[in-house]
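Written below as structure tokens is the structure these notes are about.
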Protein chains: 2
Amino acid sequence: MNKRIQNMADNRAKLITAARKAFAEKGYTGASMDDLTADAGLTRGALYHNFGDKRGLLAAVVEQIDSDMAMRAHAIGAKEQDEFQALLAEGAAYIRMALEPEVQRIVLLDGPAVLGDPSQWPSQSSCLQATRITIERLIAQGVIKTVDAEAAARLLSGAALNAALWIAASPNPQDVMPKAIEAFKLLASGLLKHDS
Amino acid sequence: MNKRIQNMADNRAKLITAARKAFAEKGYTGASMDDLTADAGLTRGALYHNFGDKRGLLAAVVEQIDSDMAMRAHAIGAKEQDEFQALLAEGAAYIRMALEPEVQRIVLLDGPAVLGDPSQWPSQSSCLQATRITIERLIAQGVIKTVDAEAAARLLSGAALNAALWIAASPNPQDVMPKAIEAFKLLASGLLKHDS
DNA sequence: AAATTGACATACGCCTCGTATGTTATTATC
DNA sequence: GATAATAACATACGAGGCGTATGTCAATTT
């Protein structure tokens with residue numbers, strides 16, 4: 001029963017899936033809503049009914065990817081014993097994830113350009129929140145210096161983002177990746193109370 | 001004599017000026033080429049003849065702003081005696097400049113989304129180059145640890161960029177600005193050989 | 001002075017977005 | 001269980017923007 005809400009949820013999922021592909025491949029502006037809805041076996045009518053407009057669709061896609069990223073990063077960080085090592089591991093994980101075209105194109109390039117500051121997205125950027133919480137814990141533990149956790153999280157994620165852009169655009173990503181991660185760890189170590 | 005190339009240069013300048021305003025106010029996508037050319041007292045014909053297409057116009061605008069920024073930042077850094085203090089001052093200057101709507105909207109948001117990675121722009125991102133050179137000098141002087149200068153410059157500028165986005169989007173910029181700059185200095189200090 | 005160049009204007013077609021209006025299956029009501 | 005109402009989605013329409021193809025006239029050349 002309640003076949004309608006079930007169908008609606010299915011169609012929403014279909015549209016988001018098609019949009020992820022279209023946005024990743026052609027970028028936000030380059031993606032045609034007629035094309036991507038047809039790809040999902042629907043029309044623009046469904047899209048506007050479910051998401052309001054093209055931006056709304058992008059917001060839904062971003063939320064999904066961002067939530068995925070936060071889960072993956074958290075899982076990677078959880079493997080580390082040391083909390084600070086977990087922070088570094090999460091950062092490195094973000095850098096690696098940011099190499100995926102879907103993440104880079106949709107979340108890192110078009111997302112901010114179309115939706116504005118990530119901290120004010122509907123999803124409120126799960127990645128950012130996770131990093132901030134980790135930093136707050138490290139401050140409480142006395143491992144890193146007293147600093148505004150939000151600020152530190154923003155700067156670290158920004159550093160990771162640009163590292164990823166650089167790596168992805170470089171002709172030999174495998175070569176520059178370790179340099180970027182090394183630099184990232186160095187910057188992050190600036191937060192430590194005692195030099196390692 | 002050579003009235004033609006003079007006129008052409010004038011028209012190019014007019015178009016870039018009008019485009020700076022239009023892009024800053026309405027964003028790249030939101031800016032109409034008919035409107036901004038009319039604003040400059042010309043038509044789209046002049047625009048396509050001079051810049052090829054809309055992207056070409058954005059590239060020209062970005063180059064101009066980027067070059068301005070590098071000059072301003074360099075002037076600010078040059079006031080410092082200590083080279084490392086100069087790096088910090090330049091970073092803080094970038095953060096402050098990134099608060100200007102023109103810089104933020106055009107160079108930091110639409111620029112990467114439309115033109116791709118800044119290090120591969122025609123202008124090659126003067127800001128990035130300047131930071132890299134400063135870092136290379138500091139490495140040579142033995143002030144900061146041996147690190148890939150390009151990587152460190154990219155991450156620092158990325159951190160500054162996100163700091164600016166955060167500040168600009170916050171309801172009370174004056175309040176979060178010092179936090180951002182403090183966090184930036186902390187991260188940068190991670191590059192130092194000896195803890196300060 | 002006539003011819004040529006080219007910087008720019010004009011005109012056209014295509015595509016895309018958003019809205020307004022239908023249509024039909026599903027659910028609610030009696 | 002039949003009818004009415006709802007809403008999810010499709011279809012149709014209009015407006016605007018980009019890029020190109022063509023036209024025009026001033027400036028330079030010969």
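Residue numbers start from 1 in every chain, and the chains themselves are labelled A, B, ... in the order their sequence lines are given, proteins ahead of strands. Treat the numbers as computed from the prediction; the structure is a model and nothing was measured.
Distance CG (A:Asn50) to P (C:dG18): 15 Å, rounded to an integer number of Å. In this entry the distance linking NZ of A:Lys26 with C1' of C:dC15 reads 13 Å, nearest Å. Summarising the geometry, the separation between CG on B:Asn2 and P on D:dA26 is reported as 19 Å, rounded to the nearest angstrom. Atom pair A:Ile5:CD1 and D:dA8:P shows a separation of 10 Å (rounding to whole Å applied). Per the geometry, CZ belonging to A:Phe23 stands 13 Å off P belonging to C:dT16, to the nearest Å. With rounding to whole Å, B:Gln6 atom CD is found 12 Å from C:dC8 atom P. Whole-Å rounding puts the A:Leu47 CG to D:dC9 P distance at 11 Å. One can place CG of B:Asp10 at 13 Å from P of D:dA27, the figure rounded to the nearest angstrom.
A donor-acceptor contact shorter than 3.5 Å links the side chain of B:Lys54 to the backbone of B:Ala31. At distances below 3.5 Å, at least one donor-acceptor pair connects side-chain atoms of B:Trp121 with backbone N or O atoms of B:Gly116. No donor-acceptor distance shorter than 3.5 angstrom exists from the side chain of B:Tyr94 to the backbone of B:Met69, with no hydrogens or angles considered. Panel note: side chain B:Asp66, backbone B:Ser126; a donor-acceptor pair is recorded below 3.5 Å. A distance-only check finds a donor-acceptor pair linking the side chain of B:Asp110 to the backbone of B:Tyr28 [under 3.5 Å]. Looking at B:Arg105, its side chain does come within 3.5 Å of a backbone N or O of A:Ala113 through a donor-acceptor pair.
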Test log, rule side-chain hydrogen bond (donor to acceptor under 3.5 Å, both in side chains), inputs A:Gln6 and A:Asp10: CA-CA 6 Å; A:Gln6 180 58 38; A:Asp10 287 352; 3.1 Å; yes

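Between B:Asn11 and C:dA7 there is no side-chain N or O to OP1 or OP2 distance below 4.0 Å. The phosphate of C:dA7 has neither OP1 nor OP2 within less than 4.0 Å of any side-chain N or O from B:Asn7.
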Write out a two-atom table: protein N or O, nucleotide N or O from nucleotides 15-17 of chain D, distance below 3.5 Å.
none

Scan nucleotides 4-6 of chain C against the protein and return all N/O pairs shorter than 3.5 Å with their distances rounded to 0.1 Å.
{"unit_1": "C:dT5", "atom_1": "O2", "unit_2": "B:Arg4", "atom_2": "NH1", "d": "3.3"}
{"unit_1": "C:dG6", "atom_1": "O4'", "unit_2": "B:Arg4", "atom_2": "NH2", "d": "3.2"}
{"unit_1": "C:dG6", "atom_1": "N3", "unit_2": "B:Arg4", "atom_2": "NH2", "d": "3.4"}

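In terms of position on DNA chain D, the residue among A:Leu42 and B:Arg55 whose nearest nucleotide sits closer to the 5' end is A:Leu42.
Salt-bridge annotation for A:Arg154 and A:Asp148: absent, with no side-chain N of the basic residue lying under 4.0 Å from a carboxylate O of the acidic one. The residues B:Arg72 and B:Glu100 are annotated as salt-bridged, a charged nitrogen and a carboxylate oxygen being separated by less than 4.0 angstrom.
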